[in-house]
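Counting starts at 1 for both ligands and their atoms, in listed order.
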Amino acid sequence: MAVETWRDARRGGEPVPLVRDATLELRAGEVLALVGASGSGKSLACAALLDVLPPGTRRRAGRILLDGAPAEPASLRGRAVACVLQAPRTAFNPLRTIGDHAGETLAAAGLRGRAGRASMERALAAVGLGGDPHLPELYPFQMSGGMLQRAMIALALLTRAPFLIADEPTTDLDLVAQAGILDLLAGLVRERGMGLLIVTHDLGVVARLADRVAVMEEGRVVETNDAASLFAHPAHPATRALLAAHHALYEVPR
Ligand SMILES: Nc1ncnc2c1ncn2[C@@H]1O[C@H](COP(=O)(O)OP(=O)(O)OP(=O)(O)O)[C@@H](O)[C@H]1O
């Protein structure tokens with residue numbers, strides 16, 4: 001995949017390139033971590049992939065190949081690629097219950113009635129939300145950030161899509177909830193052979209989950225390597241800076 005995203009020109013100015021050269025290859029049964037400094041273009045690259053770019057930005061160029069064949073981003077969403085985006089509260093319609101959201105996703109997947117309900121119960125149980133029979137009746141404002149994040153992953157599971165894009169899926173969660181979500185994602189890759197693209201700032205998460213890592217800097221993917229090699233021999237200065245910052249933060253001086 002190669003995607004370019006440009007900020008729309010305002011008041012006659014030139015469009016500003018935000019993501020220039022981002023080629024990412026996502027393979028079934030593998031975790032690709034996308035890392036990089038804040039503002040390097042990770043979220044926009046993912047949004048461009050799924051055709052959910054924010055207002056004021058647009059995709060100028062780029063191709064997506066699915067098993068080698070060109071694919072349209074909009075046709076991938078929910079079918080080949082499920083997504084868990086940042087800020088779960090804004091991802092849900094505040095006027096609709098979790099059950100309504102699940103119903104929509106199930107209808108899109110062609111599942112209705114008893115089969116649909118059984119799938120929803122399985123998905124909620126898989127994300128640790130199976131204990132409360134009234135959960136589908138809840139509105140987003142009645143749920144914590146962690147519950148919403150789990151609910152968003154449950155909806156992603158209902159699609160049965162072979163690929164999942166998760167943009168900082170554990171931001172704003174407490175450590176226990178974070179660990180639970182990461183275990184869940186790792187389980188999906190292991191058990192379902194899902195391909196996972198995870199955007200994260202946390203190199204601990206990368207070390208724990210990722211098979212391969214892509215590093216972004218100023219709108220470009222500047223280094224891609226398997227996780228062990230990248231940690232052992234970071235080639236690009238941006239990668240070395242990320243690792244140095246991580247060590248400075250987490251290593252206890254002796
Ligand atoms: N809606 C928008 N309109 C204009 N510029 C935007 C918009 N969204 C993001 N940008 C700009 O695009 C660049 C890349 O942003 P992006 O959100 O993709 O970075 P990121 O690597 O995901 O950062 P973070 O790790 O902080 O989430 C930044 O310079 C940002 O200011």
Side-chain angles (χ1 to χ4, degrees), residues 1-26 31-62 64 73-74 76-77 81-91 145 148-149 152-153 163-173 178 181-182 185 196-210 212-225 227 230 234 236-246 248-250:
M1 179 202 68
V3 176
E4 273 187 337
T5 310
W6 292 61
R7 182 155 44 197
D8 278 336
R10 299 255 164 106
R11 299 192 189 92
E14 283 294 302
V16 178
L18 297 170
V19 175
R20 275 166 274 218
D21 184 8
T23 300
L24 300 168
E25 186 184 349
L26 191 52
V31 180
L32 172 66
L34 184 56
V35 301
S38 197
S40 56
K42 305 179 295 296
S43 294
L44 287 184
C46 293
L49 244 171
L50 295 165
D51 210 13
V52 290
L53 282 165
T57 63
R58 63 194 158 114
R59 194 158 65 97
R60 278 283 299 259
I64 295 169
L76 297 178
R77 218 167 49 228
V81 185
C83 60
V84 175
L85 300 175
Q86 280 183 49
R89 218 164 276 287
T90 59
L148 284 174
Q149 197 75 286
M152 195 154 47
I153 295 180
F163 293 101
L164 175 65
I165 294 182
D167 189 353
E168 299 192 36
T170 57
T171 321
D172 298 335
L173 299 185
Q178 278 189 27
I181 298 276
L182 293 176
L185 293 174
L196 169 66
L197 170 60
I198 183 167
V199 177
T200 180
H201 279 284
D202 188 339
L203 293 186
V205 170
V206 176
R208 182 165 155 194
L209 276 191
R212 290 182 306 125
V213 187
V215 182
M216 284 193 82
E217 185 191 48
E218 293 177 7
R220 291 189 167 87
V221 174
V222 292
E223 181 170 3
T224 306
N225 208 341
L230 186 122
H236 193 276
T239 314
R240 288 202 289 271
L242 286 176
L243 288 176
H246 179 79
L249 256 182
Y250 294 106

* To do: Working to the nearest 0.5 Å, report the span between CZ of Arg20 and CD of Glu218.
  => 7.0 Å
* Say you draw a straight line from NE2 of His236 to CG of Leu230; how long is it, rounded to the nearest 0.5 Å? ->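 Interatomic distance, His236 NE2 to Leu230 CG, rounded to 0.5 Å: 11.5 Å.
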For [X] and [Y], work out which heavy atoms get closest and say how close.
X: Val221; Y: Met216; answer: CG2-CG, 3.8 Å
X: Leu24; Y: Ala214; answer: CD2-CB, 3.7 Å
X: Arg59; Y: Leu53; answer: N-CD1, 3.5 Å

* Ala37 to ligand 1, any heavy atom closer than 4.0 Å ->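 Distance cut 4.0 Å: Ala37 passes for ligand 1.
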* Has Gly36 got any heavy atom lying under 4.0 angstrom from an atom of ligand 1? -> no
* Answer with side chain, backbone, both or neither: which part of Leu18 has a heavy atom less than 4.0 angstrom from an atom of ligand 1? => side chain
* Asked: Can you tell which part of Glu168 has a heavy atom less than 4.0 Å from ligand 1: side chain, backbone, both or neither?
  -> side chain
Could you list the donor-acceptor pairs under 3.5 angstrom formed between side-chain atoms of residues 43-52 and any protein atom two or more places apart in sequence or on another chain?
from  : atom 1 : to     : atom 2 : distance (Å)
Ser43 : OG     : Gln86  : NE2    : 3.1
Ser43 : OG     : Asp167 : OD2    : 2.8

List every atom of ligand 1 that sits less than 4.0 Å from any heavy atom of [X], numbering the atoms from 1 in the order shown and giving each element.
X: Ser43; result: 17 (O), 18 (O), 20 (P), 22 (O), 27 (O)
X: Lys42; result: 18 (O), 19 (O), 20 (P), 21 (O), 22 (O), 23 (O), 24 (P), 25 (O)
X: Pro54; result: 1 (N)

* Is the shortest N/O to N/O distance between His201 and ligand 1 below 3.5 Å? -> yes
* Please indicate whether any nitrogen or oxygen in Gly41 is less than 3.5 Å from any nitrogen or oxygen in ligand 1. => yes
* Asked: How about Glu223 and Arg240: do any of their side-chain heavy atoms sit closer than 4.5 Å?
  ->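 SC-SC contact between Glu223 and Arg240 ruled out.
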